[in-house]
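Because only heavy atoms are used, hydrogens play no part in the values below, and waters and symmetry mates are left out as well, while side chains stay in.
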Amino acid sequence: MHPLPAPPALPARRRLLLAAAAATVLPAGCATPARFEAPPAGAVSLAAPRTGQRWRYAEIDLYNGRQRAEVLARVVEAQPGAIRISLSGASGRERDDEIRADAARIVQEPWYDLTQVFEQPLPTLPLPLAAGQRLRTSTYFHTPAAPDDRLWWGDWLEAPGWQRVRVPAGEFLALRVDRTIHFRHPDIWREHCRRWDTAWYAPEVGRWVLRQWTGEWLMPDGPTRAVVYEDRIQWALLDWQA
């Protein structure tokens, strides 16, 4: 397995951009998570998704603050080790399914620019579900378009604490989960790819109620390499059905 290098640092400029985005372009009814709060009383359980559960999200382009889609995530299969969540938009099925090994680990990730299938289930939540947890994962993935290409993925997950989040679906006490990612993109012209993914997981909803991601990579540009920025996307929960 590819060894994990030191976690890529979040550049100061990137930190400022993310903070500005969270503060200024949340959809109506949303509040920027601010200070950390006391955790829920007692142990917090992580329930496995169940067939029939669904969550509907507004998808926001954080570069311009505009909503570009609605996404309905619906559990269509919930077997031990195989949880399939169908994703659809206003015009029907537009994305690949999300496939999870369990509530805390994903196998097929369709929320980025390209669907990724991991060789080993990738943690997206810490266990136990508590502040202060850290995980380091190194694995490989491929895309459905190129199943024979093994691409490296290094993931640094931290849960700094609980925050109160207000989204159109309501107000929730959620565990913030920050992931810093270093990976190999299937586009050979993309070098030193880095990505930052933050999700706020609310136990009562059984899923994240707010999630944001962005990234950057280097592209050869003559004798130098130019920094190119990925999308900056946010999903905010509109409603859900348990």
Side-chain angles (χ1 to χ4, degrees), residues 1-25 32-33 59-64 68 95-96 98 104-126 133-146 149-160 175-201 208 210-235:
M1 183 169 290
H2 198 296
L4 278 172
L10 183 61
R13 181 174 182 271
R14 177 60 58 191
R15 291 197 299 269
L16 290 173
L17 285 173
L18 288 175
T24 59
V25 296
T32 305
E59 182 175 281
I60 309 297
D61 184 336
L62 290 181
Y63 283 122
N64 56 31
R68 67 181 199 178
R95 312 184 187 207
D96 293 327
E98 175 184 326
R105 298 178 301 159
I106 196 165
V107 176
Q108 179 166 293
E109 170 63 90
W111 292 89
Y112 296 131
D113 58 339
L114 297 174
T115 297
Q116 298 165 220
V117 182
F118 296 100
E119 288 189 356
Q120 299 174 329
L122 180 74
T124 56
L125 290 172
Q133 299 293 318
R134 292 181 174 86
L135 292 172
R136 304 292 182 264
T137 305
S138 177
T139 187
Y140 290 86
F141 73 94
H142 68 264
T143 65
D149 291 345
R150 296 179 77 232
L151 303 167
W152 182 69
W153 182 273
D155 203 294
W156 295 261
L157 180 153
E158 295 186 61
L175 181 65
R176 174 174 172 161
V177 179
D178 295 326
R179 292 165 56 208
T180 300
I181 301 157
H182 196 187
F183 68 106
R184 176 77 179 272
H185 199 279
D187 182 349
I188 62 173
W189 296 108
R190 299 193 185 193
E191 300 178 355
H192 298 283
C193 299
R194 301 193 293 181
R195 190 170 283 167
W196 299 277
D197 185 322
T198 296
W200 286 264
Y201 178 87
W208 38 270
L210 185 67
R211 181 179 178 184
Q212 300 172 350
W213 78 271
T214 189
E216 65 184 32
W217 47 280
L218 300 181
M219 181 179 65
D221 184 17
T224 62
R225 289 184 293 182
V227 178
V228 182
Y229 298 111
E230 287 196 290
D231 290 340
R232 291 166 58 204
I233 303 299
Q234 172 183 278
W235 295 279

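- Ring orientation note: the planes of F183 and W153 are tilted relative to one another, at an angle of 30° to 60°.
- Within 6.0 Å of atom CZ in R184, 12 or fewer heavy atoms from other residues, nucleotides or ligands are found, so the atom counts as exposed in its surroundings.
- Residues that satisfy the ring pair (Phe, Tyr, Trp, His ring centres under 6.0 Å) test with W217, not counting sequence neighbours, are absent from this structure.
- Contact between R150 and Y140 at its shortest, heavy atoms only, is NH2-CD1, 3.4 Å.
- We find the CH2-OG1 distance between W156 and T180 to be 8.0 Å, quoted to the nearest 0.5 Å.
- Note: Y112 OH to T143 OG1 = 15.5 Å, rounded to the nearest 0.5 Å.
- The structure places CD of E158 at 11.0 Å from CD of Q133, a figure rounded to the nearest 0.5 Å.
- Salt bridge D178/R176: present, at least one basic N to carboxylate O contact under 4.0 Å.
- Here R179 contributes atom CZ and D155 contributes atom CG; the two are 4.0 Å apart, rounded to the nearest 0.5 Å.
- Listed here is the closest heavy atom pair of P220 and R225: CA-CG, 4.0 Å.
- In this structure, the separation between CZ on R68 and CD1 on I233 is 3.5 Å, given to the nearest 0.5 Å.
- Residue P144 comes nearest to T115 through the heavy atom pair CD-O, 3.4 Å, listed as atom of the first residue, atom of the second, then distance.
- When every heavy atom of P126 is checked against every heavy atom of L135, the shortest pair comes out as CA-CD1, 4.1 Å.
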| said: One pair to check against side-chain contact (heavy atoms from CB on, under 4.5 Å): Q116 and L122. What are the steps and the verdict? | reply: CA-CA 11 Å; Q116 298 165 220; L122 180 74; over 6 Å; no
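- To the nearest 0.5 Å, atoms CZ (R232) and CG (D61) are separated by 8.5 Å.
- Taking the six-membered ring for Trp and the full ring otherwise, W213 and W111 have centroids separated by 6.0 Å or more.
- Across all their heavy atoms, P110 and Q108 have their closest contact at CD-O, 3.4 Å.
- One finds no salt bridge joining E109 and R195 here, because no Lys/Arg side-chain nitrogen approaches an Asp/Glu carboxylate oxygen to under 4.0 Å.
- The minimum heavy-atom distance between Q120 and S138, with the atom names listed, is OE1-O, 4.0 Å.
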